[in-house]
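Starting from 1, each residue takes its place in the sequence as its number.
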Amino acid sequence: MANQKQSGPEPPIKVSTINCIDLSNPDIGESVALLKQACLDCGFFYVVNHGISQEFMDEVFAQSKKFFYLPLNEKLKVLRNEKHRGYTPMFDEVLDPDNQVHGDYKEGYYIGVDVPENDPESEKPFNGPNVWPADGVLPGWRQTMEKFHHEALEVGKAVSRIIALALDLEVDFFDKPEVLGKPIATLRLLHYEDQFSDPAKGIYGAGAHSDFGFITLLATDDVMGLQICKDKDAKPQIWEYVTPIKGAFIVNLGDMLERWSNCMFKSTLHRVLGNGQDRYSIAYFVEPNHDSLVECLPTCKTEKSPPKFPPIRCSTYLSQRYKDTHADLSVYDKHQA
């Protein structure tokens with residue numbers, strides 16, 4: 001599994017400087033320019049004044065911690081199902097199999113768009129009802145997470161409008177019914193254990209990876225841990241920390257947007273290193289409708305730069321990527337006995 005594990009000491013670590021987009025800025029041209037520069041450079045940027053109050057962000061983090069504080073047997077009652085809803089235990093995910101000796105030192109909880117089982121739409125991958133802890137176990141928890149899921153989607157749509165302008169498209173190219181009208185939008189609560197990562201030994205909070213989809217919004221606590229590598233082909237790779245900013249989302253582009261833009265915009269390698277402290281973060285993955293066709297954008301191809309990838313349906317692409325990185329659910333059967 002670790003047959004290509006990198007050896008030798010890690011190169012010096014530094015802190016990255018990334019652009020900050022203020023969603024309340026009336027000068028949309030300035031926001032577009034800052035975002036475009038970030039997308040060409042590293043695919044990461046901050047978003048501030050996004051409309052979600054600090055008070056509510058604090059409440060979401062507090063509720064997330066309450067879940068992860070539960071005993072393991074209680075958490076396993078809401079184990080991740082085949083629709084990617086519910087709890088993912090420690091080591092469930094292996095994001096960098098060539099360099100990891102085991103799965104990520106993190107546990108998580110998936111919450112998606114809630115689709116009732118009797119709705120024909122629930123037959124589609126990633127669609128279905130959410131899985132919730134019993135209300136008696138965590139009163140009000142579901143309501144908090146549903147509200148945050150709704151509000152974060154609005155932030156994602158606002159960011160998508162600036163991305164569209166940065167790609168010389170109509171402002172609502174992504175924010176329209178056939179693309180983000182019925183999105184595969186997934187909230188994931190994350191807890192990294194108080195472990196020390198050691199890249200030389202293949203031990204990571206989260207292994208090096210790029211995100212699968214369109215864009216990711218990430219809210220974090222104040223514990224450093226997230227690193228990005230702007231040039232994945234560099235030898236050795238240079239990793240830079242992304243500093244947490246209270247109240248801000250760290251936004252990164254996913255592989256789907258890199259594919260859509262014909263590799264003009266970058267989906268960047270990132271990882272999480274543990275420093276001995278517990279770390280909590282909340283990721284919100286914004287993906288298009290199931291049937292959205294991801295094909296080279298008209299503004300991203302020329303005679304000299306023809307499309308690099310064939311068209312693919314969003315759900316087909318995502319299903320394969322999830323399958324490649326998560327443990328088979330049968331490994332947890334012994335916990336269900």
Side-chain angles (χ1 to χ4, degrees), residues 6 8-23 25 30-50 57 95-96 99-100 104-106 155-156 159 162-163 166 188 190 192 196-200 203-255 257-258 261 263-277 279-286:
Q6 298 166 356
E10 286 281 293
I13 299 294
K14 59 178 183 174
V15 174
S16 187
T17 303
I18 60 176
N19 287 352
C20 185
I21 315 299
D22 183 345
L23 289 189
N25 185 356
E30 181 182 21
S31 296
V32 170
L34 284 169
L35 182 142
K36 185 168 187 174
Q37 182 189 41
C39 293
L40 293 169
D41 175 43
C42 67
F44 272 77
F45 50 92
Y46 297 107
V47 164
V48 296
N49 294 324
H50 42 65
M57 294 281 276
L95 290 167
D96 184 13
N99 291 304
Q100 286 183 261
D104 294 349
Y105 260 115
K106 71 173 190 288
V155 178
V159 172
I162 304 175
I163 290 173
R188 195 175 188 200
L190 292 163
Y192 295 86
F196 285 93
S197 294
D198 188 343
I203 299 170
Y204 299 87
H209 66 287
S210 55
D211 286 353
F212 312 152
F214 179 51
I215 57 172
T216 305
L217 313 178
L218 181 73
T220 74
D221 61 14
D222 58 0
V223 177
M224 292 275 270
L226 175 64
Q227 295 184 326
I228 63 174
C229 173
K230 293 181 181 179
D231 181 1
K232 63 185 176 187
D233 297 319
K235 303 287 185 194
Q237 291 177 336
I238 305 299
W239 290 92
E240 303 174 356
Y241 277 102
V242 176
T243 306
I245 296 180
K246 190 170 181 65
F249 281 112
I250 299 166
V251 182
N252 66 282
L253 312 183
D255 298 342
L257 184 52
E258 180 174 279
S261 70
C263 297
M264 188 170 107
F265 281 3
K266 292 175 64 173
S267 173
T268 296
L269 271 185
H270 51 286
R271 68 186 187 186
V272 174
L273 296 190
N275 63 3
Q277 300 178 73
R279 179 176 176 271
Y280 293 86
S281 65
I282 300 167
Y284 191 84
F285 303 98
V286 183

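Without hydrogens or angle criteria, Ser210 side chain to Asp255 main chain gives no donor-acceptor distance under 3.5 Å. Arg279 places no side-chain N or O within donor-acceptor distance of the main-chain N or O of Tyr192, the cut-off being under 3.5 Å. The backbone N or O of Glu240 sits nowhere less than 3.5 Å from a side-chain atom of Ser16 that would complete a donor-acceptor pair. Under a 3.5 Å cut-off, the side chain of Glu258 and the backbone N or O of Ser267 do form a donor-acceptor pair.
Annotation: side chain to side chain donor-acceptor pair (under 3.5 Å) contacts of Asp22 (sequence neighbours excluded): Ser24, Asn49. Qualifying side chain to side chain donor-acceptor pair (under 3.5 Å) partners for Tyr284, counting only residues two or more places apart in sequence or in other chains: His149.
Side-chain contact between Gln227 and His270 is absent, with no heavy-atom pair separated by less than 4.5 Å. Using a 4.5 Å heavy-atom cutoff, the side chains of Phe249 and Met57 are in contact. You'll find the side chain of Leu217 stays beyond 4.5 Å of the side chain of His50, heavy atoms only. Arg188 places a side-chain heavy atom less than 4.5 Å from the side chain of Leu190. Proximity of Val242 to Tyr46: side-chain heavy atoms (C-beta onward) are separated by under 4.5 Å at one or more points. Using a 4.5 Å cut-off on side-chain heavy atoms (C-beta onward), Leu218 and Leu226 make contact. Proximity of Val272 to Tyr105: side-chain heavy atoms (C-beta onward) are nowhere separated by under 4.5 Å. A 4.5 Å side-chain heavy-atom check between Cys42 and Lys266 finds every atom pair outside the cut-off.
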(request) Run the numbers on Ile162 and Leu23 for side-chain contact (heavy atoms from CB on, under 4.5 Å), then give the verdict. (result) CA-CA 9 Å; Ile162 304 175; Leu23 289 189; 3.7 Å; yes
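Distance check: Thr268 OG1 to Lys230 NZ gives 9.0 Å after rounding to the nearest 0.5 Å. Between the CD1 atom in Ile228 and the OH atom in Tyr241 there is a gap of 13.0 Å [rounded to 0.5 Å]. Separation of atoms CG (Leu35) and CZ (Phe265) is listed at 6.5 Å; rounding is to 0.5 Å. Once rounded to the nearest 0.5 Å, the distance linking OG of Ser261 with CG of Leu253 reads 8.0 Å. Note: Leu34 CG to Ile18 CD1 = 12.0 Å, rounded to the nearest 0.5 Å. Here CD1 of Ile163 is found 4.5 Å from CZ of Phe214. Values are rounded to the nearest 0.5 Å.
Counting all heavy atoms, side chain and backbone alike, Gln237 lies closest to Cys229 at CB-SG, 3.8 Å. Across all non-hydrogen atoms, the minimal contact from Ser197 to Gly205 is OG-N, 3.2 Å.
Sorted by first and then second residue, the pairs that involve residues 213-222 and meet side chain to side chain donor-acceptor pair (under 3.5 Å), not counting sequence neighbours, are Asp211-Thr216.
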